[in-house]
J.: 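Mind looking over this structure? Questions follow.
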Amino acid sequence: MAYMGRLSFGRLTQAWAGEASDFTPLLVDRLDQLGEALDLELVAAGRSEVTTTGGRRIDIVAQGSDGSEFVIENQYGRADHDHLTRGLAYAIARDARGLVLVAEEHRDEFRAVAQYLNEIRELDPERGIAVWLVEARAVRVDDGPWAPLFTAVVQPNQFTATVERAKQDERPATLAQFWDQFDSNETATAVRTVVDRWTATGYRRRLGPSHVVLEARGPAVSGIRTVVALYTDGRVMVPFSSYAGQNSGVPIPALTTDEFRAHADALFRFGGTERQARTEPGWLTQDRIEPLWSFCTTVADAYAAALVAEGAQTVAQTPVTTGP
């Protein structure tokens with residue numbers, strides 16, 4: 001007999017206890033999931049806790065497929081003036097393409113402001129700013145893991161949405177289309193070498209709008225975790241927050257040591273404090289293929305070891321039953 005699960009809804013605090021400590025880091029690593037709900041192409045990982053000139057912090061700064069910025073503010077409960085005005089001020093100062101305000105509830109006056117700003121942007125796309133007001137809820141089936149459900153209650157009008165859908169259609173559907181995006185043959189050859197070798201070894205890869213994500217099995221709800229992302233301009237994105245467990249709750253000890261971070265900083269020329277770090281364009285060249293490969297396999301091996309340890313812990317905690 002077929003089984004039908006029961007869908008249940010909850011507050012964000014039921015699923016993720018801390019707004020800043022739990023929900024924001026998770027959202028940083030799953031921006032593509034938020035983007036899908038809004039018909040936007042957001043790069044899978046963004047920057048969090050970005051300091052403004054006034055000393056305040058913006059929750060997340062994300063990138064679109066064309067390199068433009070989106071400012072994202074999120075909070076539990078009802079959206080307040082602080083998050084809205086802070087997000088708008090930063091988005092205007094940075095000439096961002098849009099502001100996304102995520103909350104469990106939005107005030108009527110905020111909806112009116114967002115609608116007004118979207119109308120202004122329609123009249124003057126070069127100077128206006130698009131605003132999305134998004135309501136978030138926690139959902140799950142039976143006793144499964146919680147997942148976020150995003151619903152846009154205010155978004156840009158039909159003209160803007162049509163433009164966004166057109167950009168969605170430009171996303172490469174195949175690897176062949178992805179290779180066509182490269183301007184440099186040297187960069188294309190280097191990325192192709194790494195990707196072909198990665199998949200031939202049995203690992204996974206996932207296409208983004210202007211990048212390919214190298215993935216491996218690891219402790220996470222999905223069973224898959226990001227290793228690095230390779231961009232068509234030769235940049236490499238390294239998700240240190242993923243290694244620390246901020247996208248799954250399960251940290252990878254081997255990838256959070258001072259020694260590992262120092263090696264990564266030296267290899268990619270990072271500063272040592274980034275949570276989502278990207279190299280400069282053109283970093284991936286032929287002579288860096290082997291060092292990058294060694295780094296990626298080190299991460300994948302650490303994921304695999306963490307899976308084994310997690311499985312052993314589960315077995316150890318399983319009660320032993322005896323017969324009558």
J.: Flag yes if I92 and V71 sit in one hydrophobic cluster, no otherwise; membership is Ile, Leu, Val, Met, Phe, Trp, Tyr, and two members link when side-chain heavy atoms are under 4.5 Å apart.
T.: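 No; V71 is not reachable from I92 via cluster members.
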
J.: Quick check for you: to the nearest 0.5 Å, what is the distance between T298 atom OG1 and Y303 atom OH?
T.: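 OH of Y303 is found 12.0 Å from OG1 of T298.
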
J.: Taking the six-membered ring of W198, is the NZ or CZ of R205 close enough (under 6.0 Å from the centre) and on axis enough (within 45°)?
T.: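 No, a cation-pi geometry is absent between R205 and W198.
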
J.: Might you point out which heavy atoms bring Y76 and A17 nearest each other, and give the distance in Å?
T.: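 Distance-wise, the nearest heavy atoms are CE1-O, 3.9 Å.
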
J.: If the condition is side chain to side chain donor-acceptor pair (under 3.5 Å), which residues does R78 pass it with, not counting sequence neighbours?
T.: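 Scan of R78 (side chain to side chain donor-acceptor pair (under 3.5 Å), adjacent residues dropped) gives E105.
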
J.: Measure across F178 and L230 and return the closest heavy-atom pair with its distance rounded to 0.1 Å.
T.: CZ-O, 4.3 Å

J.: Let me confirm one number: the OG1-CG distance from T24 to N74, rounded to the nearest 0.5 Å.
T.: 3.5 Å

J.: Do the charged groups of D265 and R261 touch, with an N to O distance under 4.0 Å?
T.: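 Yes, charged N to carboxylate O under 4.0 Å.
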
J.: Compare every heavy atom of D196 with every heavy atom of T199, then report the nearest pair and how far apart it is.
T.: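 Of all heavy-atom pairs spanning T199 and D196, the closest is OG1-O, 3.2 Å.
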
J.: Indicate the ring-plane relationship of F240 and F270, choosing parallel, tilted or perpendicular according to the 30° and 60° boundaries.
T.: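 Answer is perpendicular, since the angle exceeds 60°.
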
J.: Within this structure, what is the CZ-CD distance for the pair F150 and E36, rounded to the nearest 0.5 Å?
T.: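 So the gap between those two atoms works out to 11.0 Å.
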
J.: Is there a side-chain contact between W16 and P148, using heavy atoms and a 4.5 Å cut-off?
T.: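 Side-chain contact under 4.5 Å: yes.
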
J.: Can you find a pair of side-chain heavy atoms, one from V299 and one from V238, that are under 4.5 Å apart?
T.: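 Side chain of V299 against side chain of V238, heavy atoms only: no contact under 4.5 Å found.
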
J.: Which residues pass the side chain to side chain contact (heavy atoms under 4.5 Å, CB included) test with T85, sequence neighbours left out?
T.: none

J.: Between E280 and R235, does at least one N-O distance fall below 4.0 Å, as a salt bridge requires?
T.: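 No salt bridge links E280 with R235.
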
J.: Before accepting this row, confirm whether a basic side-chain N of the pair E215/R225 lies closer than 4.0 Å to the acidic partner's carboxylate O.
T.: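 Salt bridge: no.
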
J.: Would you call F23 and T13 a side-chain contact if the rule is heavy atoms closer than 4.5 Å?
T.: no

J.: Looking only at heavy atoms, what is the nearest atom pair of P291 and L267, with distance?
T.: CB-CD1, 3.6 Å

J.: Which heavy atom of A136 sits nearest a heavy atom of V102, and at what distance?
T.: CB-CG1, 3.8 Å

J.: What residues, two or more places apart in sequence or in another chain, satisfy side chain to side chain contact (heavy atoms under 4.5 Å, CB included) together with L117?
T.: L88, V113, V131

J.: Would you give the length of the straight line joining atom OG1 of T232 to atom NE2 of H211, rounded to the nearest 0.5 angstrom?
T.: 10.0 Å

J.: Do T189 and R192 have side chains that approach each other closer than 4.5 Å (heavy atoms only, starting at C-beta)?
T.: no

J.: Tracing side-chain links under 4.5 Å among I, L, V, M, F, W and Y, which residues wind up in one group with L7?
T.: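 When side chains under 4.5 Å apart are linked, the cluster holding L7 also contains F9, V139, V141, L149.
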
J.: For F295, give me all partners under ring-ring contact (aromatic ring centres under 6.0 Å, His included), at least two apart in sequence or on another chain.
T.: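 Residues passing ring-ring contact (aromatic ring centres under 6.0 Å, His included) with F295: F260, F268.
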
J.: Looking at side-chain heavy atoms only, is the closest gap between L284 and L292 below 4.5 Å?
T.: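 Yes. Closest side-chain heavy atoms under 4.5 Å.
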
J.: To the nearest 0.5 Å, what is the distance between CG (L99) and CG (L84)?
T.: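 Answer for the CG-CG pair, L99 versus L84, is 7.0 Å.
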
J.: Only counting residues at least two apart or in another chain, list the ones meeting side chain to side chain donor-acceptor pair (under 3.5 Å) with D287.
T.: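 In terms of side chain to side chain donor-acceptor pair (under 3.5 Å), with neighbours along the sequence ignored, D287 is linked to T285.
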
J.: Tell me, please, which residues at least two apart from D142 pass side chain to side chain donor-acceptor pair (under 3.5 Å).
T.: Y3

J.: For R111, what residues pass the salt bridge (Lys or Arg N to Asp or Glu O under 4.0 Å) criterion, not counting sequence neighbours?
T.: E135

J.: Considering residues at least two apart in sequence or located in another chain, which fulfil the side chain to side chain donor-acceptor pair (under 3.5 Å) criterion with D80?
T.: Q75, H83

J.: Checking L34 against I72 for the side-chain contact (heavy atoms from CB on, under 4.5 Å) test, could you report, in this order, the C-alpha distance in whole Å, the side-chain angles of both residues, the deciding distance, and whether it holds?
T.: CA-CA 10 Å; L34 173 62; I72 302 174; 4.0 Å; yes

J.: Of all heavy-atom pairs between P156 and N118, which one has the smallest distance, and what is that distance?
T.: N-ND2, 3.6 Å

J.: Does any N or O in the side chain of E104 come within less than 3.5 Å of the main-chain N or O of G77, such that one atom is a donor and the other an acceptor?
T.: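 Here the side-chain-to-backbone pair exists.
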
J.: For T187, which residues count as a side chain to side chain contact (heavy atoms under 4.5 Å, CB included) partner, sequence neighbours excluded?
T.: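 Side chain to side chain contact (heavy atoms under 4.5 Å, CB included) list for T187, sorted by chain: F182, S184, V191.
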
J.: May I have all residue pairs that pass salt bridge (charged side-chain N to carboxylate O under 4.0 Å, His left out) and include part of residues 288-300, sequence neighbours excluded?
T.: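 Sorted pair list: R197-E290.
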
J.: Nearest 0.5 angstrom please: L31 CG to F70 CZ, how far?
T.: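 Reported value, rounded in 0.5 Å steps: 11.0 Å.
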
J.: Taking side chain to side chain contact (heavy atoms under 4.5 Å, CB included) as the test, write out the residues that go with R140, two or more places apart.
T.: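 R140 satisfies side chain to side chain contact (heavy atoms under 4.5 Å, CB included) with S8, W146 once adjacent residues are dropped.
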
